Amino acid sequence: MTTPMVATTPMVEAHGVHKSYGAVEVLRGVDLSVARGEVTCLIGPSGSGKSTLLRCINHLEKHDAGELRVDGHLVGYEARDGKLYERNDKQICAERSRIGMVFQRFNLFQHLTVLDNVTIGQVKVRGVANDAAVVRARELLARVGLVAKEKNYPSQLSGGQQQRVAIARALAMEPKLMLFDEPTSALDPELVGEVLDVMKDLAKSGMTMIVVTHEMGFAREVANSLYFLDQGVIEESGNPREVLVNPRSARLQSFLSKVL
């Protein structure tokens, strides 16, 4: 019996992806593959293209050349008669709604309570009835250890708590893929662990995740694959437990000497 293509197709595929801002070439032919249910970490110095690649995967940025696919489908475009046509805004929003993204700075709605932050996307985007959205939101807040904070506003929470709400909000959309853009870099050191614990639990549940991070311990412990970006190219990749212990490239060796 033939295995269905959906089971074998990677969740994310990038082939020769380029992205420039004016004369500055940020991504210079990136190739990447992320299997379903696996965790991939992107590491590298500031300005190496990590966050830009993440934003291209979610079509928050348009890549200039190459091919990006999520769940087997072209990101932001469709092929017709041998040409690529950009999808309309409604199609792109529907596409993006199935990709959860957690940013460095939380991006919560400051005028809404924690509970409303987690329900609003379900109701407005997914069309879930309010009562059902509240039930789901409370389940997710319990999962991230914040059910007691549902009536609080973001300003009444610590940075770590706000980031956990942001994760719950993303999960409420029932994404097939989660993107994390340096989710702990804005946190005080003592709050980092509580966010990483939630992410570890999410990884164990089988969620496909791409994580831009400087937390090498997390990458070593949780990730299935690791990519080191430098100046817009993949300098080195592989099993994180091998790459981080025995880096081959001088550039990665230099980078790790500063962060480990």
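For clarity, every value in this text was computed on a predicted model and none was experimentally measured.
The side-chain hydrogen bond (donor to acceptor under 3.5 Å, both in side chains) analysis of residues 244-254, with sequence neighbours excluded, yields the pairs D230-R251, E236-S249, S254-K258.
For the side-chain contact (heavy atoms from CB on, under 4.5 Å) criterion with R169, the lone passing option out of N117, I120, V144 is N117. The side-chain contact (heavy atoms from CB on, under 4.5 Å) with K19 is formed by just one residue from the set L53, T52, V24, V30; it is T52.
Taking the charged nitrogens against the carboxylate oxygens, E13 and R69 have no contact shorter than 4.0 Å, which rules out a salt bridge. Look at K50 and D181 and you find no salt bridge, because none of the NZ, NE, NH1 or NH2 atoms lies under 4.0 Å from a carboxylate O.
With hydrogens and angles disregarded, no donor-acceptor distance shorter than 3.5 Å links the side chain of D71 to the backbone of H73. A side-chain donor-acceptor contact under 3.5 Å links Q156 to the backbone of Y153.
Residues that satisfy the salt bridge (charged side-chain N to carboxylate O under 4.0 Å, His left out) test with E182, not counting sequence neighbours, are absent from this structure. Evaluation of the side-chain hydrogen bond (donor to acceptor under 3.5 Å, both in side chains) rule for E194 yields R164 as partners, not counting sequence neighbours.
Note on L191 and V195: same hydrophobic cluster, where clusters join Ile, Leu, Val, Met, Phe, Trp and Tyr whose side-chain heavy atoms are under 4.5 Å apart, directly or indirectly.
Of the N and O atoms on the side chains of H18 and E25, at least one donor lies less than 3.5 Å from an acceptor on the other residue.
Looking at heavy atoms from C-beta onward, V114 lies in side-chain contact with L157 at the 4.5 angstrom threshold.
Checked against the 6.0 Å centroid criterion, the rings of Y85 and Y77 do not qualify as a close aromatic pair.
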Decide yes or no on side-chain contact (heavy atoms from CB on, under 4.5 Å) for I234 and D31, but give the supporting numbers first. CA-CA 7 Å; I234 303 291; D31 295 322; 5.8 Å; no

